[in-house]
Amino acid sequence: MSSTSSSQNSCDIAIIGAGQAALQTIASLKSGGFDGSITLIGDEAYLPYQRPPLSKKFLNGTFERDRLFLKPDNFYGDNDINVLLDTQVTQLDVTAKSLTCANGAGITFSKAVICTGSRPRALPIPGNELENIFDLRTIADIEAMRPHFKQGAKMVVVGGGYIGLETAASARQLGVEVTVVEAAERVLARVTKPELSAFFHKLHLDQGVEIITGAQVSGFTGEVNVSAVTLNDGTLVPADLVVLGIGIVPNSELAEDAGLTIDDGIVVDALGRTSRADIYAAGDCTNHPNDLLGRRLRLESVPNAIDQGKAVASDILGAPVSYAAIPWFWSDQFESKLQIAGLSDTADSHCLRGSYESGSFAIFHFAGSQLVCVEAVNRPAEFMASRQLIKEAAAGRVYETEMLTDENLKPKSWLAS
Ligand SMILES: Cc1cc2nc3c(=O)[nH]c(=O)nc-3n(C[C@H](O)[C@H](O)[C@H](O)COP(=O)(O)OP(=O)(O)OC[C@H]3O[C@@H](n4cnc5c(N)ncnc54)[C@H](O)[C@@H]3O)c2cc1C
């Protein structure tokens, strides 16, 4: 299945990057009856797998590695997909319609789909070359860090975003002593409003995680292995291991070098078409329009990768269906399941259903009178209804806060029939 041949390959569809968006594109092409040749090229050693469990159940050891893979091995052979793993695409020529790989292999194609995802943001500070400092993006990252997750080991997580907090929770569940260092004044500051930040901050404190906010990490100290993290006020936080969770950057350089339009990601339309004919892109690496929200977005989420993969396949199949969805996300930390629909960045007011103290609530965020986002913790019914509510709100429907907060009314009853 995997090959490192340096010969010239030719295919109808070349898919660059073997992750979530790539797999969805292939699955949708195949279920839509596509019978041309497909070559999938990925620079990791693995067939496409899901990343969300990496910082959650795979990290705390309650999710087997085999369950990460999006399709069984035989899917690729059965569907005649030519898979090249451990193979990095280093050049894309959109005029010649060819790819060059790091191992010298060349591939020509009729259409290409760029699904290169994103990579962890680097932290170029003194000491970052020390051992036991880990990124969290791949199976390989987890397998490298997990042996260090021992009872009483000291771990510093740099970054209090979703991935940092999930990592903190998973490690804490294994008895690791965890300190989260966050540069902003509150955790989750980039993605949510203060109320939810406060809830998760307290949740982690209650579980024994230490959180330091408003602090920049200025360096790492140690001989071979890291032994402490230095903060900008001079504080030394002892560490046997460090996990970096300071955000991601889209892998758009290949596309940029090929002359495609880039603007915080590879610019695509609602069908995943880039600025060059026959070159598509999907997933974390893209910047796409969202007609429901009336603006462009770059999203880092599984639903986005799936929906864009479907849109790309639909266009290749000649039955285009544009991507237009209310964004949604989730995060699991300790016993709290957070599900978010919509984006809260434009919100200026909110109302609460349930209570923070009970650990079961939904926050409804409004921009003016328009419902734009729902953050639900251990409230699946509210979350289920919320995407439809936000879609209807975008079309002009206004919701009374009394209706949303009345626990006697079931979430289903909110929906227009
Ligand atoms: C730890 C973690 C937890 C997450 N949790 C959630 C969650 O709870 N909910 C959620 O919705 N999302 C979550 N995400 C985000 C989600 O996993 C991503 O949004 C999704 O994987 C994006 O899919 P993609 O196909 O765009 O990129 P990826 O799945 O990252 O795949 C891209 C692949 O392309 C490869 N590649 C890059 N450049 C090249 C090249 N030049 N040649 C060959 N191959 C290349 C990359 O190495 C990678 O294997 C999480 C991510 C991480 C890392």
Side-chain angles (χ1 to χ4, degrees), residues 2 17-23 42-73 85-86 88 115-123 128-181 204 207 209 217 220 225-226 229 239-249 251 283-284 300-302 305 329-334 337-338:
S2 144
Q20 188 86 49
L23 186 276
D43 61 4
E44 290 186 65
Y46 304 104
L47 289 166
Y49 61 91
Q50 45 171 334
R51 296 185 196 277
L54 295 185
S55 49
K56 307 176 181 78
K57 292 187 167 177
F58 185 58
L59 188 56
N60 74 18
T62 57
F63 196 92
E64 297 296 315
R65 184 165 121 173
D66 284 355
R67 292 176 61 197
L68 293 174
F69 293 96
L70 292 165
K71 291 282 185 194
D73 291 8
L85 298 178
D86 273 327
Q88 189 191 20
C115 300
T116 46
S118 53
R119 62 179 179 277
R121 190 179 295 283
L123 191 56
N128 67 353
E129 74 291 349
L130 289 167
E131 298 288 319
N132 297 350
I133 301 177
F134 302 98
D135 285 322
L136 205 166
R137 182 78 198 171
T138 65
I139 290 178
D141 291 335
I142 305 301
E143 293 188 337
M145 78 173 76
R146 215 172 23 200
H148 301 277
F149 279 41
K150 297 185 184 127
Q151 184 87 22
K154 292 185 173 48
M155 171 168 121
V156 174
V157 179
V158 184
Y162 287 124
I163 288 182
L165 291 186
E166 287 178 358
T167 306
S170 300
R172 193 70 202 109
Q173 285 162 332
L174 295 174
V176 177
E177 300 295 326
V178 184
T179 303
V180 175
V181 180
H204 280 258
Q207 297 286 342
V209 175
V217 172
F220 302 108
N225 296 331
V226 68
V229 173
D240 300 311
L241 76 152
V242 172
V243 176
L244 304 176
I246 54 169
I248 57 125
V249 286
N251 288 324
D284 280 13
E300 303 155 14
S301 78
V302 166
F329 314 89
W330 75 94
S331 178
D332 299 328
Q333 297 169 42
F334 299 110
K337 181 161 201 67
L338 167 67

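The first residue of the sequence shown is numbered 1, and numbering continues consecutively from there. Quick caveat, the model's predicted, so the values are computed rather than measured.
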When rounded to the nearest 0.5 angstrom, what is the spacing between [atom1] in [X] and [atom2] in [Y]?
{"X": "Ile163", "Y": "Leu54", "atom1": "CD1", "atom2": "CG", "answer": "8.5 Å"}
{"X": "Ile142", "Y": "Phe63", "atom1": "CD1", "atom2": "CZ", "answer": "12.5 Å"}
{"X": "Leu136", "Y": "Leu59", "atom1": "CG", "atom2": "CG", "answer": "6.0 Å"}
{"X": "Glu177", "Y": "Gln151", "atom1": "CD", "atom2": "CD", "answer": "8.0 Å"}
{"X": "Ser170", "Y": "Asp332", "atom1": "OG", "atom2": "CG", "answer": "9.0 Å"}

May I ask you to decide if [Y]'s main-chain N or O and [X]'s side chain share a donor-acceptor pair within less than 3.5 Å?
{"X": "Asp135", "Y": "Pro120", "result": "no"}
{"X": "Asp240", "Y": "Ala153", "result": "no"}
{"X": "Gln20", "Y": "Cys115", "result": "no"}

Using a 4.5 Å cut-off on heavy atoms from C-beta on, say whether the side chain of [Y] contacts that of [X].
{"X": "Arg51", "Y": "Arg137", "value": "yes"}
{"X": "Ile139", "Y": "Arg65", "value": "yes"}
{"X": "Gln333", "Y": "Lys56", "value": "no"}

Open item on the list: Between Leu338 and Tyr162, does the side chain to side chain contact (heavy atoms under 4.5 Å, CB included) criterion hold? Intermediate values first, please.
Closed with: CA-CA 10 Å; Leu338 167 67; Tyr162 287 124; 3.4 Å; yes
Task: Over 12 non-hydrogen atoms of neighbours within 6.0 angstrom of NZ in Lys57 - done: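 No, NZ of Lys57 has 12 or fewer neighbouring heavy atoms, counting only those of other groups under 6.0 Å.
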Task: More than 12 heavy atoms of other groups within 6.0 Å of Glu129 CD - done: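 Result for CD/Glu129: enclosed.
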Open item on the list: Filter on ring-ring contact (aromatic ring centres under 6.0 Å, His included), then keep only pairs touching residues 129-161, sequence neighbours left out; what's left?
Closed with: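 Residue pairs passing ring-ring contact (aromatic ring centres under 6.0 Å, His included), neighbours aside: Phe134-His148.
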TODO: Please determine if Arg146 forms a cation-pi arrangement with Phe58, meaning its NZ or CZ atom is less than 6.0 Å from the six-membered ring centre and no more than 45° off the ring axis.
DONE: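 Verdict for Phe58: a cation-pi partner in Arg146.
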Task: Geometric class of the His204/Phe334 ring pair [parallel <30°, tilted 30-60°, perpendicular >60°] - done: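 Phe334 and His204: perpendicular rings.
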